[in-house]
Amino acid sequence: NCSNNRMIILNELEKLSIYMRDKKELTIDDIKNCIVSGKEADIGDLINEFCNLNESKILSLLENIRENNEDIVIIRSFISYFLKLQLIKYQLQNVKELTSDFLRLEHKIFWKQEDSIKKHLKIWNSKDILTVLESLITLEKEYKSSKLDNKILLENYIFSTVEEFK
């Protein structure tokens, strides 16, 4: 249900790429696990509220997103976003000003995301971004190896991290 919106298609392809990181073959089930209709909450919305440290919206977004996405896709989307933030932070050391061209051309940031990215770059310093990245990678490993209810792992991670960085 992507109609003609190329950004939606690009976002869905990026989710597939993140999801398929370790896999060699793409199946219909993989696509169904990743692709959502435009009317549902987006993983980007969850990441945005997480980066804004906004606990009040996170749980409802997470539940909505989980209806159509596996937790591993959510975790990998967080990793991808924080890697992007870290790269932008690093490159900003050599750039005088954070411009729209820098975000759009260098990092393929859609214009609707610019304000959020700029806000997140102010909220999160490089050390904290790195800490979150390390903990997300650990979470992904735990998620893959745990015999516990993985739903609890992701929820605990999100809420404890938001609390830690508030």
Side-chain angles (χ1 to χ4, degrees), residues 1-3 5-22 29-89 103-104 107-125 128-144 146 148-166:
N1 186 10
C2 292
S3 62
N5 190 328
R6 289 185 182 160
M7 279 312 296
I8 292 173
I9 295 169
L10 182 63
N11 285 336
E12 297 303 327
L13 288 172
E14 186 175 341
K15 276 197 285 185
L16 270 173
S17 170
I18 291 167
Y19 179 78
M20 296 299 295
R21 179 173 36 175
D22 300 331
D29 286 336
D30 292 329
I31 294 169
K32 287 179 183 176
N33 287 334
C34 290
I35 307 295
V36 298
S37 76
K39 295 178 182 161
E40 296 154 359
D42 183 289
I43 292 174
D45 296 331
L46 176 63
I47 293 170
N48 187 47
E49 295 304 331
F50 176 87
C51 288
N52 291 335
L53 305 172
N54 187 354
E55 287 177 287
S56 63
K57 293 185 180 179
I58 290 174
L59 187 58
S60 63
L61 283 170
L62 183 59
E63 290 305 317
N64 191 322
I65 290 166
R66 277 182 162 160
E67 290 177 14
N68 296 297
N69 292 279
E70 292 184 17
D71 283 356
I72 198 71
V73 173
I74 297 168
I75 294 167
R76 289 180 180 167
S77 295
F78 270 85
I79 291 170
S80 177
Y81 187 79
F82 274 86
L83 281 170
K84 189 177 290 188
L85 282 181
Q86 184 67 15
L87 179 61
I88 293 170
K89 278 273 194 193
L103 290 174
R104 289 183 197 167
H107 297 283
K108 297 176 178 63
I109 303 296
F110 188 51
W111 65 271
K112 289 183 179 180
Q113 298 171 314
E114 277 184 45
D115 290 337
S116 294
I117 292 275
K118 288 177 181 177
K119 183 177 180 181
H120 300 157
L121 289 168
K122 288 179 183 175
I123 293 172
W124 295 88
N125 64 49
D128 292 343
I129 292 170
L130 189 58
T131 299
V132 169
L133 274 169
E134 289 170 351
S135 65
L136 281 165
I137 291 166
T138 301
L139 174 66
E140 181 179 9
K141 288 177 187 174
E142 286 177 21
Y143 183 88
K144 288 178 179 178
S146 177
L148 300 173
D149 181 4
N150 287 335
K151 181 178 179 180
I152 294 170
L153 280 175
L154 181 58
E155 287 175 15
N156 284 345
Y157 172 79
I158 288 175
F159 287 107
S160 65
T161 304
V162 168
E163 190 62 35
E164 178 183 345
F165 289 100
K166 259 186 157 179

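Throughout, residue positions are numbered sequentially from 1 according to the sequence presented.
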>> Test side-chain contact (heavy atoms from CB on, under 4.5 Å) on Leu59 and Ile158; report intermediate values, then the result.
In response: CA-CA 9 Å; Leu59 187 58; Ile158 288 175; over 6 Å; no
> Considering residues at least two apart in sequence or located in another chain, which fulfil the side chain to side chain donor-acceptor pair (under 3.5 Å) criterion with Ser135?
Replying inline: Tyr157
> Who pairs with Ser160 by side-chain contact (heavy atoms from CB on, under 4.5 Å), at least two apart in sequence or on another chain?
Replying inline: none
>> I need the full list of salt bridge (Lys or Arg N to Asp or Glu O under 4.0 Å) pairs touching residues 48-58, with sequence neighbours left out, sorted by first then second residue.
In response: Glu55-Lys166
> Do side-chain atoms of Asn69 reach the backbone of Arg66 as a donor and acceptor pair under 3.5 angstrom?
Replying inline: no
> Does Asn125 have any side-chain contact (heavy atoms from CB on, under 4.5 Å) partners at least two apart in sequence or in another chain, and if so, which?
Replying inline: Lys127, Asp128
>> Between Glu70 and Arg76 (salt bridge meaning N to carboxylate O under 4.0 Å), is one present in this structure?
In response: no
>> I'd like to know if the side chain of Lys89 reaches the main chain of Leu121, judged simply by a donor and an acceptor atom lying under 3.5 Å from each other, with no hydrogens or angles considered.
In response: yes
>> For Phe50 versus Val132, what's the shortest heavy-atom pair and its separation?
In response: CE2-CG1, 4.5 Å
>> Nearest 0.5 Å, please: how far is OG in Ser116 from CG in Asp45?
In response: 9.0 Å
>> Once side chain to side chain donor-acceptor pair (under 3.5 Å) is applied, do any residues pair with Tyr143, and if so which ones, sequence neighbours excluded?
In response: none
>> Taking side-chain contact (heavy atoms from CB on, under 4.5 Å) as the definition, give me every residue that meets it alongside Glu142, ordered by chain and number, with sequence neighbours left out.
In response: Thr138, Leu153
> For the side chain of Asn52 and the backbone of Asn48, is there at least one donor-acceptor N/O pair under 3.5 Å apart?
Replying inline: yes
> Is the shortest distance from a Lys or Arg side-chain nitrogen in Lys151 or Asp71 to a carboxylate oxygen in the other one below 4.0 Å?
Replying inline: no
>> Are the side chains of Ile47 and Ile43 in contact, using a 4.5 Å heavy-atom criterion?
In response: yes
> What heavy-atom pair brings Ile129 and Gln86 nearest, and what distance separates the two atoms?
Replying inline: CG2-OE1, 3.1 Å
>> Could you measure the distance from the CD atom of Glu164 to the CG atom of Leu53? Nearest 0.5 Å is fine.
In response: 10.5 Å
> Shortest non-hydrogen contact from Leu85 to Cys51?
Replying inline: CD1-SG, 4.5 Å
>> How close do Asn54 and Ser56 get, counting heavy atoms only, and between which atoms?
In response: OD1-OG, 2.7 Å
> Roughly how far, to the nearest 0.5 Å, is CD1 of Ile117 from CD1 of Ile88?
Replying inline: 5.0 Å
>> Nearest 0.5 angstrom please: Ile74 CD1 to Leu154 CG, how far?
In response: 5.5 Å
>> Nearest 0.5 Å, please: how far is NE2 in His120 from CZ in Phe82?
In response: 8.0 Å
> Taking only residues two or more places apart in sequence, or in another chain, which ones meet Phe165 in a ring-ring contact (aromatic ring centres under 6.0 Å, His included)?
Replying inline: Trp124
>> Could you measure the distance from the CG atom of Leu46 to the CG atom of Asn64? Nearest 0.5 Å is fine.
In response: 10.5 Å
>> Any side-chain to backbone donor/acceptor pair from Asp42 onto Gly44? Under 3.5 Å, distance only.
In response: yes
>> Working note: Leu139 + Phe78, criterion side-chain contact (heavy atoms from CB on, under 4.5 Å); need CA distance, chi angles, decisive distance, verdict.
In response: CA-CA 11 Å; Leu139 174 66; Phe78 270 85; over 6 Å; no
